[in-house]
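Keep in mind the model is a prediction, meaning the values are calculated, not measured.
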Number of protein chains: 2
Amino acid sequence: MDALSLTFAALADPTRRAILARLALGEATVGELAAPFDLRLPTVSKHLKVLQRAGLVSQSRKAQWRPCQLEAAPLKDIAQWAEAFRASWERQFSQLDTYLDELQREPVARATGRGKRHDK
Amino acid sequence: MDALSLTFAALADPTRRAILARLALGEATVGELAAPFDLRLPTVSKHLKVLQRAGLVSQSRKAQWRPCQLEAAPLKDIAQWAEAFRASWERQFSQLDTYLDELQREPVARATGRGKRHDK
DNA sequence: CGCATACTTAGCCAATCGGCTAATTAGCCA
DNA sequence: TGGCTAATTAGCCGATTGGCTAAGTATGCG
């Protein structure tokens, strides 16, 4: 699978996004990451493996602990991918503004499609 | 499922991302969207339904055609979500720069962990 | 050494996914 | 009306996902 798909798939789970948010504050062990969730350790371990496959997390070793670290590079990639659509959403938002402006002037006529802008 | 998860899940497929890229150029019918792919129409129809569930695409009706339109708002949301990690990736990139600078000065010592920066 | 702690691996399960075919719905035109 | 085109719906299939339990691995400590 391509890198972008792996990253998006990894982010399509609230548990995994919460783990990333926690890691943005600094290194944490698997147990520390698991604590906030009502999930067994192996489940969290599996989530971490998904994040590692996407290159979003790396793990080192300190005695019997395996501290995890955020690897933010793929997040930059998806931010850039989404940014390519900026023109689209800005155009749509300005259209929405225009629509709301028209609605302000002639509420019913615009909303129902009956009548015209200047049907004096 | 929450909106962000739905959006990320929808984006975790190259076919669906290609469909969005096409729609960024303007409206298109289902058949037009299917053309570039080696996929049957029902498969593309299914992809479109995933995109609609995520609020990324809307469909209207024109005779027997169902022109699709990009709805970019959710893309803005994920761009914003990712942007929250900007500090993380910028810090990591600058660390990489620093590492490469040190490597430039003392290649072997830094790379193997033996020796020190100023082991005079 | 023996045992506790921290975590991973293996494997089960139900649910979802991404592809397909076949059948159905919707609208146009002769 | 009947038929053509566009697209959806229904349903099958094998693969993946997200949860679990039970068992295995790795490290530190008395």
Count the heavy atoms belonging to other residues, nucleotides or ligands that lie under 6.0 Å from CZ of B:Arg53, then report whether that count exceeds 12. no

Rounded to the nearest 0.5 Å, what separation is found between the CG atom of B:Leu56 and the CG atom of B:Leu11? 5.5 Å

I need the [atom1]-[atom2] distance between [X] and [N], as an integer number of Å.
| X | N | atom1 | atom2 | answer |
| --- | --- | --- | --- | --- |
| B:Leu41 | C:dC20 | CG | P | 11 Å |
| A:Trp65 | C:dT8 | CH2 | C1' | 17 Å |
| B:Phe37 | C:dG18 | CZ | P | 13 Å |
| B:Asp38 | C:dC20 | CG | C1' | 12 Å |
| B:Leu33 | D:dA7 | CG | P | 9 Å |
| B:Leu48 | C:dG19 | CG | C1' | 15 Å |

Nucleotide nearest [X] when distance is taken to its side chain, options [options]:
| X | options | value |
| --- | --- | --- |
| A:Lys46 | D:dA26, D:dC20, C:dG19 | D:dC20 |
| A:Ser45 | C:dT9, C:dA26, D:dT9 | C:dT9 |
| B:Gln64 | D:dT21, D:dA26, D:dT5 | D:dT5 |

Would you indicate, yes or no, if [N] has its OP1 or OP2 atom less than 4.0 angstrom from a side-chain nitrogen or oxygen of [X]?
| X | N | value |
| --- | --- | --- |
| B:His47 | C:dG19 | yes |
| B:Arg40 | C:dG19 | no |
| B:Gln59 | D:dA7 | no |
| B:Arg66 | D:dT8 | no |

Donor-acceptor under 3.5 Å ([X] side chain, [Y] main chain):
| X | Y | answer |
| --- | --- | --- |
| A:Glu32 | A:Thr29 | yes |
| B:Arg17 | B:Ile19 | no |
| A:Arg22 | A:Leu33 | no |

Toward the 5' end of DNA chain D, which comes first, A:Thr43 or B:Val44, by nearest nucleotide?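 Closest to the 5' end, via its nearest nucleotide, is B:Val44.
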
Earlier contact from the 5' end, DNA chain D, for B:Gln52 and A:Met1: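 Comparing both residues, the 5'-ward one is B:Gln52.
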
Describe the nucleic acid contact of A:Lys49 in one word from base, sugar-phosphate, nothing, applying a heavy-atom distance below 4.0 Å.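 Sugar-phosphate only.
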
Could you check whether A:Lys76 pairs with A:Glu71 (Lys NZ or Arg NE/NH1/NH2 to Asp/Glu carboxylate O, under 4.0 Å)?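 The answer is no: the pair does not qualify as a salt bridge.
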
Is it true that A:Glu102 and A:Arg105 have a side-chain N and a carboxylate O under 4.0 angstrom from each other?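 Salt bridge between A:Glu102 and A:Arg105, a charged N being under 4.0 Å from a carboxylate O: no.
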
Please name the nucleotide paired to C:dA22 by Watson-Crick or G-U wobble geometry with both distances under 3.5 Å, or report none. D:dT9

Selection: residues 6-32 of chain B, any non-hydrogen atom under 4.0 Å of DNA chain C: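 Those residues whose heavy atoms fall under 4.0 Å from DNA chain C, taken from residues 6-32 of chain B in numerical order, are B:Asp13, B:Arg16.
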
